[in-house]
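Sequential numbering from 1 along the given sequence is applied to the chain's residues.
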Amino acid sequence: TFIAGLSMGGYGAIRNGIVFSDTFSHVAGLSSAIHFFDKGTREKRYNRQFFLGIDEPENTKLNPEVAFAQLLEAKRPIPKFYISCGTKDDLYGINVDFREFLKKNGADVTWDEEEAGHEWDFWDSQIKKVLEWLPL
């Protein structure tokens, strides 16, 4: 089974693909909004509003990096990842950082980028590449 999403859905696909790796063998995140857990940024204030009622969500499995560490510790299957982001997207840097985190921790990561922003034309081209990447 596969899971994919873009922007906030990219965050959800990545987070759920990791947490439920026994279900999802392939995870695709396009321009993923995984910036909520970027320490030391203005998003941390938004993080608290977005995850209202959850103390320190950055230290829970809501954070994809924490979820991935728990996956490794539990010796659960590691899904394959397709991560992409436009080079003009405000989320580009955090997606590059997350790609590096995954690779450093042994994940199989396919990366793609295009000169694009947070926009439908980029996602339209990327979802076609995701479908080619999947073992269909």
message: For a side chain to side chain contact (heavy atoms under 4.5 Å, CB included) check, start with the C-alpha distance between Phe2 and Leu136, then their side-chain angles and the critical distance, and finish with the verdict.
response: CA-CA 10 Å; Phe2 319 124; Leu136 300 174; 3.5 Å; yes
- request: Please assess Lys80 against Val27 for the test side chain to side chain contact (heavy atoms under 4.5 Å, CB included), listing each intermediate value before the final yes or no.
  value: CA-CA 6 Å; Lys80 293 183 178 186; Val27 176; over 6 Å; no
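Here Asp97 contributes atom CG and Lys104 contributes atom NZ; the two are 11.0 Å apart, rounded to the nearest 0.5 Å. Atom CD in Glu65 sits 8.5 Å away from atom CG in Asn105 (nearest 0.5 Å). For the atom pair Arg15 CZ and Ser32 OG, the distance stands at 14.0 Å (nearest 0.5 Å). Annotation: the span from Ile127 atom CD1 to Trp133 atom CH2 amounts to 10.0 Å, rounded to 0.5 Å. To the nearest 0.5 Å, atom CG of residue Asp89 and atom CD of residue Glu113 are 11.5 Å apart.
Of all heavy-atom pairs spanning Cys85 and Phe122, the tightest one is C-CZ, 3.4 Å. Closest non-hydrogen pair, Asn95 versus Ile83, comes out as OD1-CG2, 4.0 Å. Of all heavy-atom pairs spanning Leu91 and Ser31, the tightest one is CD1-O, 3.5 Å. For the residue pair Gly5 and Ala13, the shortest heavy atom distance occurs at N-CB, 3.6 Å. Here the closest heavy-atom approach between residue Tyr92 and residue Thr87 is recorded as CD1-CA, 3.7 Å. Of all non-hydrogen atoms in Arg76 and Val19, the two that sit nearest each other are NH2-O, 2.9 Å.
Residues Ile78 and Ser21 are not in side-chain contact: their nearest non-hydrogen atoms beyond the backbone lie 4.5 Å or more apart. In this structure, Ile18 and Pro64 have side chains that are in contact, with non-hydrogen atoms separated by less than 4.5 Å. Side-chain contact between Tyr82 and Asp112 is present, with at least one heavy-atom pair separated by less than 4.5 Å. No side-chain heavy atom of Pro79 sits less than 4.5 Å from a side-chain heavy atom of His26. In this structure, Asp108 and Phe81 have side chains that are not in contact, with every pair of non-hydrogen atoms separated by 4.5 Å or more. Considering only heavy atoms from C-beta on, Ile3 stays 4.5 Å or farther from Phe20 through its side chain.
Between Phe98 and Phe101, the ring planes are parallel. Angles under 30° get that label, and only those over 60° would be called perpendicular.
Both Leu102 and Leu72 are members of a single hydrophobic cluster when ILVMFWY side chains are connected at heavy-atom separations under 4.5 Å. Connection of Ile14 to Phe68 is established within a shared hydrophobic cluster, with ILVMFWY side chains joined at heavy-atom distances below 4.5 Å, either directly or through further cluster members. With hydrophobic clusters built from ILVMFWY side chains whose heavy atoms lie under 4.5 angstrom apart, Val109 does not share a cluster with Val130. A single hydrophobic cluster is not seen to contain both Leu6 and Val96; linkage of ILVMFWY side chains at heavy-atom distances under 4.5 Å, directly or through other members, places them apart.
Between the side chains of Gln126 and Ser84, at least one donor-acceptor pair of N or O atoms lies under 3.5 Å.
Salt-bridge check for Glu114 with Lys129: passed, with a basic side-chain N closer than 4.0 Å to an acidic carboxylate O.
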